[in-house]
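Side-chain atoms are counted along with the backbone in the values below, which use heavy atoms only and exclude waters and symmetry mates.
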Amino acid sequence: MTSQPAAAAGDFKFPQEYYFPAFFTRQTNLTTRHAQQRTWAALVLAYARHHRLFRLRLSEAADSDLFFHRRLERRLQAADVRELVDAMVKDGRAEYVTAGSGGARTAADGGQDVVVVYWKKPEEWAALVESYVEETAQKGSVLTVYELSEGDGTRNTELHGIDNEVLLKALNILVKRGKAQIFGQEDSLGVKFF
């Protein structure tokens, strides 16, 4: 998994389903399968939020604590992880990273290997950016993308450490609303807020 500095793995509280071996077994009944997939999706989002994970590398996911319960010696199979992520993509809670934005294709299946997990949707991040700009009286000023994600001004906010791709999606929402303008080179983007 690709991660930010995060809380220790041991302090995340897994839901009770995680401790049942059947949770790691693909259910054949369609109704049960949908319920299982919703529970897995909620778990992925909660885990990512707790650990501030913005990206998940599918080639490594099946061996992570998220999908492999070592004490039970049970794991969600790689094909089931991909199906889960595909469902999350369909629901707008994840997005495959394209090769041009740092993603990678796995050699084994030709598919995309990295997904951005939206434990907050881009619209929610846009609202946080807008609130930050208003609370810090930055309207009319220019901030760099780096300042918004890594700067001292955001150190004790939810914005600190945000994935650049997620931040850019949020900023583009503000641009569409007429509340911001993005300019500059890709490696040194600036944002003016209105």
Side-chain angles (χ1 to χ4, degrees), residues 1-7 12 15 34 37-58 61 66 81-103 112-194:
M1 275 198 235
T2 305
S3 67
Q4 302 289 328
F12 177 74
H34 286 302
Q37 204 164 55
R38 278 193 311 274
T39 304
W40 268 112
L43 172 57
V44 169
L45 294 172
Y47 186 90
R49 176 185 300 268
H50 179 81
H51 292 289
R52 291 192 53 86
L53 296 174
F54 291 94
R55 293 173 183 249
L56 183 67
R57 183 173 299 281
L58 299 183
L66 178 58
V81 171
R82 183 165 295 277
E83 183 180 321
L84 167 65
V85 168
D86 287 345
M88 291 176 69
V89 167
K90 189 183 262 188
D91 289 342
R93 296 310 270 178
E95 182 177 1
Y96 284 102
V97 175
T98 61
S101 57
Q112 291 169 306
D113 188 44
V114 178
V115 292
V116 174
V117 179
Y118 294 127
W119 43 273
K120 277 189 191 288
K121 290 188 175 185
E123 296 81 12
E124 295 172 285
W125 287 112
L128 282 172
V129 170
E130 189 174 11
S131 293
Y132 170 77
V133 168
E134 289 177 16
E135 290 169 10
T136 58
Q138 306 262 10
K139 275 192 176 180
S141 63
V142 175
L143 295 171
T144 65
V145 170
Y146 178 83
E147 285 177 296
L148 287 168
S149 64
E150 301 295 330
D152 290 339
T154 61
R155 186 158 305 279
N156 292 316
T157 71
E158 286 188 87
L159 292 174
H160 197 76
I162 187 174
D163 181 89
N164 274 353
E165 192 165 324
V166 174
L167 178 57
L168 286 173
K169 280 198 174 289
L171 291 172
N172 279 315
I173 290 169
L174 295 176
V175 167
K176 286 179 184 172
R177 292 179 185 164
K179 300 194 176 219
Q181 178 184 2
I182 302 172
F183 57 90
Q185 302 295 335
E186 192 169 317
D187 59 344
S188 61
L189 292 174
V191 186
K192 182 169 184 166
F193 294 96
F194 309 111

A side-chain contact here means heavy atoms from C-beta on lying under 4.5 Å apart; do [X] and [Y] qualify?
X: L174; Y: W125; result: no
X: L148; Y: L171; result: yes
X: L128; Y: T157; result: no
X: R155; Y: D152; result: yes
X: Y132; Y: V129; result: no
X: L167; Y: Y146; result: no
X: K120; Y: V166; result: no
X: V81; Y: W40; result: no

Give every donor-acceptor pair under 3.5 Å between a side-chain atom in residues 137-145 and any protein atom, sequence neighbours left out.
| residue | atom | partner | partner atom | Å |
| --- | --- | --- | --- | --- |
| Q138 | OE1 | S141 | OG | 3.2 |
| S141 | OG | Q138 | O | 2.4 |
| T144 | OG1 | E147 | N | 2.9 |
| T144 | OG1 | E147 | OE1 | 3.4 |

Worksheet entry | Listed partners of K169 passing side-chain contact (heavy atoms from CB on, under 4.5 Å), at least two apart |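 Per chain and number, K169 pairs via side-chain contact (heavy atoms from CB on, under 4.5 Å) with E95, Y118, P122.
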Could you report the tightest heavy-atom contact between [X] and [Y], atom names first, then the distance?
X: Q112; Y: V97; value: NE2-O, 3.4 Å
X: F183; Y: K192; value: CE2-N, 4.0 Å
X: G184; Y: L189; value: O-CD2, 3.6 Å
X: A41; Y: L84; value: N-CD1, 3.7 Å

Interatomic spacing from [atom1] in [X] to [atom2] in [Y] - rounded to 0.5 Å:
X: L159; Y: E150; atom1: CG; atom2: CD; answer: 11.0 Å
X: I162; Y: T154; atom1: CD1; atom2: OG1; answer: 9.5 Å
X: K179; Y: I173; atom1: NZ; atom2: CD1; answer: 12.5 Å
X: K121; Y: D91; atom1: NZ; atom2: CG; answer: 8.0 Å

So does [Y] get a backbone contact from the side chain of [X], meaning a donor-acceptor N/O pair under 3.5 Å?
X: R52; Y: E158; answer: yes
X: W119; Y: L53; answer: yes
X: E134; Y: S131; answer: no

Worksheet item: Would F54 and N164 count as a side-chain contact (heavy atoms from CB on, under 4.5 Å) if you check the C-alpha gap in whole Å, the side-chain angles of each, and the deciding distance to 0.1 Å?
Response: CA-CA 10 Å; F54 291 94; N164 274 353; over 6 Å; no
Worksheet entry | Test log, rule side-chain contact (heavy atoms from CB on, under 4.5 Å), inputs Y96 and D86 | CA-CA 9 Å; Y96 284 102; D86 287 345; 2.3 Å; yes
